[in-house]
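Data first, discussion second: the structure below is written as structure tokens.
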There are 2 protein chains.
Amino acid sequence: MPSEDRPSGDRKKSRVTLLDVAQHADVSRATASLVIRKSPLVGAETRARVEAAMRELGYVYNLGAARLRAERSHTVGVVVPNLTNPFFAELLSGIESVIDAAGMVVILANSGDLVERQDMVMRRMREHGVDGVILCPAAATGTDFPDRIEEWNLPLVQALRHISDDMDYAGVDYAAGMHQAVEHLASLGHRIIAFAVHGPIHSAYHERIEGFREAMQSRGLEPDLIVRVPDQTAQIPGSASLLFQGTAKPTAVICFNDVIALGLVAGLHDLGLKVGESFSLIGFDDVAEAEVVRPRLTSVSTAPVSIGENAAKLLLDRLSDPLLPPRKVVKATQLHIRQSCASVGEAVL
Amino acid sequence: MPSEDRPSGDRKKSRVTLLDVAQHADVSRATASLVIRKSPLVGAETRARVEAAMRELGYVYNLGAARLRAERSHTVGVVVPNLTNPFFAELLSGIESVIDAAGMVVILANSGDLVERQDMVMRRMREHGVDGVILCPAAATGTDFPDRIEEWNLPLVQALRHISDDMDYAGVDYAAGMHQAVEHLASLGHRIIAFAVHGPIHSAYHERIEGFREAMQSRGLEPDLIVRVPDQTAQIPGSASLLFQGTAKPTAVICFNDVIALGLVAGLHDLGLKVGESFSLIGFDDVAEAEVVRPRLTSVSTAPVSIGENAAKLLLDRLSDPLLPPRKVVKATQLHIRQSCASVGEAVL
DNA sequence: AAAAGCTTTTAGATCGATCTAAAAGGATGG
DNA sequence: CCATCCTTTTAGATCGATCTAAAAGCTTTT
């Protein structure tokens, strides 16, 4: 009888452990472990006894201990460039809901769109032993990054922006969205259309620019009326005049996102132009505010919540089968027509 | 010579461990551990050798293993009712930056403002062994909740909303904010002022309502013109007429938050009222959009990012000294005057 | 009654770090 | 030259779970 497991005399007040549960239910640690993990191996009566013991003792599973042995942390890292931007907040929301439903948790980090911080953050994720990462890569991410990921063999899915074709990607068909916007304006008779952009340069940026150019060119329209506005929200209205400083005067503008759209609506208003009457404007993202602004904003919807959900599903699939070939889930956009566009004919009236 | 630590012949391809580093640097595991933790006990030459070994082998610290022994996970839980709301996203951003700077990470969860989900989420946080939690309590959180927390002895700070005076709290002086808003409108000559509210009922809700009532009463004004508008952003504009369905017709409205404010600006516009001229309106939160909307929105600023920072600092303080008495950090609001308010005299012109 | 085949339970090693208590090495003092 | 003290290093136990391989109990077959 070499069993001296239980120093019950002077028990340290520390936490309730699986061993405590096992002893209370009169089974071995191993059996108790099986019960927790819902193994079919354990008998019904025993299972009930162990579960009762867990309840009585107020047992809390120690995932940290489990992970050490089992090599799974039930944790995924999410790295975004900026939390203040509602767009990423919605992405995050979609990710969180799917990850949560799968019984895992999200470890969050902010790269600030800076590669050095991104490196630091990725290291920290590895130290914390995340099972995988959903990353919206910082704009200046180097070309060696995918190789490093490969070496770490850390499952990773790219969201919104992509830097490698060898990894999963969940995003939006930005180019098609630009086509929808141009198509709508062209059908209203607009011939000179500007594209207002800002922010860092990344794949999503290129795709939108290219989409715009293509769509314009295919209609024989001048594709280079691209105007850069300030990054700071508060300065955007004041930059509306930039639209008209070239020789070609646009009758409509497509905006890189709705932050720009809202800002330019204000700025154009300040210039005495009536958006939706004497000037047309299309936003991108279709944020909630599009509906509560006057005129209501016509906008290309990108539904970031569902992109987040897609990204999370891709990651879960990959975790359950690491050998899957890389996949892309590219969502279609939808043009939401409201009040901010008028036909050129009307404008002349 | 009982040392058979190194089965180097057929090494499993698994991760690089501290033992590998130690052997490579020709020291013991214990010494290598001291180096990682930057202990002053270890000699300079030895430290350099170990650090070189870590670099050469590409060693990654295994926090999971460390936590098991050391009882600290370098992890804090953050529970918010809703991620889609930019207000919470900003709060989260503030929390993340401070927690990150302290070398810890954020585990995120969404309670959906539902107590059952909140319970589940709190359990999961405990399973993951977080060192502490920052919680924005769900509206219907029961009175027994603080006791349960106490039992778990899990450091917790309340953010934005509070349910117990025995725990740390970081928030905003909503009542004072309401006083500022009422004061501003009263000084412009407004006598009949409505308060537009929505959303779940919680401490921050009560404080705003009470603040409004008090401020109105102290000026001898009718304090009960409280109008409930829909929760869905898109339906708010259509509810603007609710403001005028009583016998007392307000000349101004204070809004519970800027989502309502933006919605009502649109709705009032639809009714033919000119906000900032024939009608006055004050928002609450001072979101970025306040500046890019026309008329620019006068709003009471609550700076959620800095509330998040305060909450995180409170938690870090508590972690380093669990015996600290409970503290409250209540930020002052600031009235940001823009264009959405006019004096009653002007309105009559 | 022994063998074979299930189902259920278990002892003991293990994951990768930290912690404790003590040993080893070097300098100083009597 | 040995005792004392200080600095640096270390062996071995430990945290709380999981995993492996085998044992213990049951039925069912032969």
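First the proteins, then the strands, lettered A, B, ... as listed; each starts at 1. Side-chain atoms are counted along with the backbone in the values below, which use heavy atoms only and exclude waters and symmetry mates. A quick note: this is a predicted structure, and the numbers were derived from the prediction, not measured.
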| field | Where A:Arg49 and A:Val27 come nearest, the two heavy atoms and their spacing | value | NH2-CG1, 3.4 Å
| Of the residues in residues 39-55 of chain B, which ones touch DNA chain D at a heavy-atom distance under 4.0 Å? | B:Leu41, B:Val42, B:Gly43, B:Thr46
| said: According to ring pair (Phe, Tyr, Trp, His ring centres under 6.0 Å), who are the partners of A:Phe87, at least two apart in sequence or on a separate chain? | reply: none
| request: Using the test ring pair (Phe, Tyr, Trp, His ring centres under 6.0 Å), find all partners of A:His162 that sit at least two apart in sequence or belong to another chain. | output: A:Tyr169
| message | From CD of A:Gln23 over to C1' of D:dG16, roughly how many Å is that when rounded to an integer? | response | 13 Å
| task | Quickly work out the B:Glu71 CD to C:dT20 P distance and round it to whole Å. | result | 12 Å
| said: My understanding is that only residues two or more places apart in sequence, or in another chain, count here; which of them pass side chain to side chain contact (heavy atoms under 4.5 Å, CB included) with A:Asp113? | reply: A:Pro81, A:Ala138, A:Ala139, A:Arg161, A:Pro200
| field | side chain to side chain contact (heavy atoms under 4.5 Å, CB included) against B:Arg126, all qualifying residues, sequence neighbours excluded | value | A:Val60, B:Trp152, B:Leu154
When you compare the protein's N or O atoms with those of nucleotides 17-19 of chain D, which come within less than 3.5 Å of each other, and at what distance?
| residue | atom | partner | partner atom | Å |
| --- | --- | --- | --- | --- |
| D:dA17 | OP1 | A:Tyr59 | OH | 2.5 |
| D:dA17 | OP1 | A:Asn62 | N | 3.4 |
| D:dA17 | OP2 | A:Thr17 | OG1 | 2.5 |
| D:dA17 | OP2 | A:Leu18 | N | 2.3 |
| D:dT18 | OP1 | A:Tyr61 | OH | 2.9 |
| D:dT18 | OP2 | A:Ser33 | OG | 2.0 |
| D:dT18 | O2 | A:Arg69 | NH1 | 2.7 |
| D:dC19 | OP2 | A:Arg37 | NH1 | 2.6 |
| D:dC19 | O4' | A:Arg69 | NH1 | 3.2 |

| task | Sort and list the pairs that fulfil ring-ring contact (aromatic ring centres under 6.0 Å, His included) and have at least one residue in residues 17-72 of chain B, not counting sequence neighbours. | result | none
| Phosphate OP1/OP2 of C:dT10 contacted by A:Ser28 side-chain N/O (<4.0 Å) | yes
| message | Holding to side chain to side chain donor-acceptor pair (under 3.5 Å), I want the full list of residues that pass it with A:Ser39, two or more places apart in sequence or in another chain. | response | none
| Partner set under side chain to side chain donor-acceptor pair (under 3.5 Å) for B:Asn110, not counting sequence neighbours | none
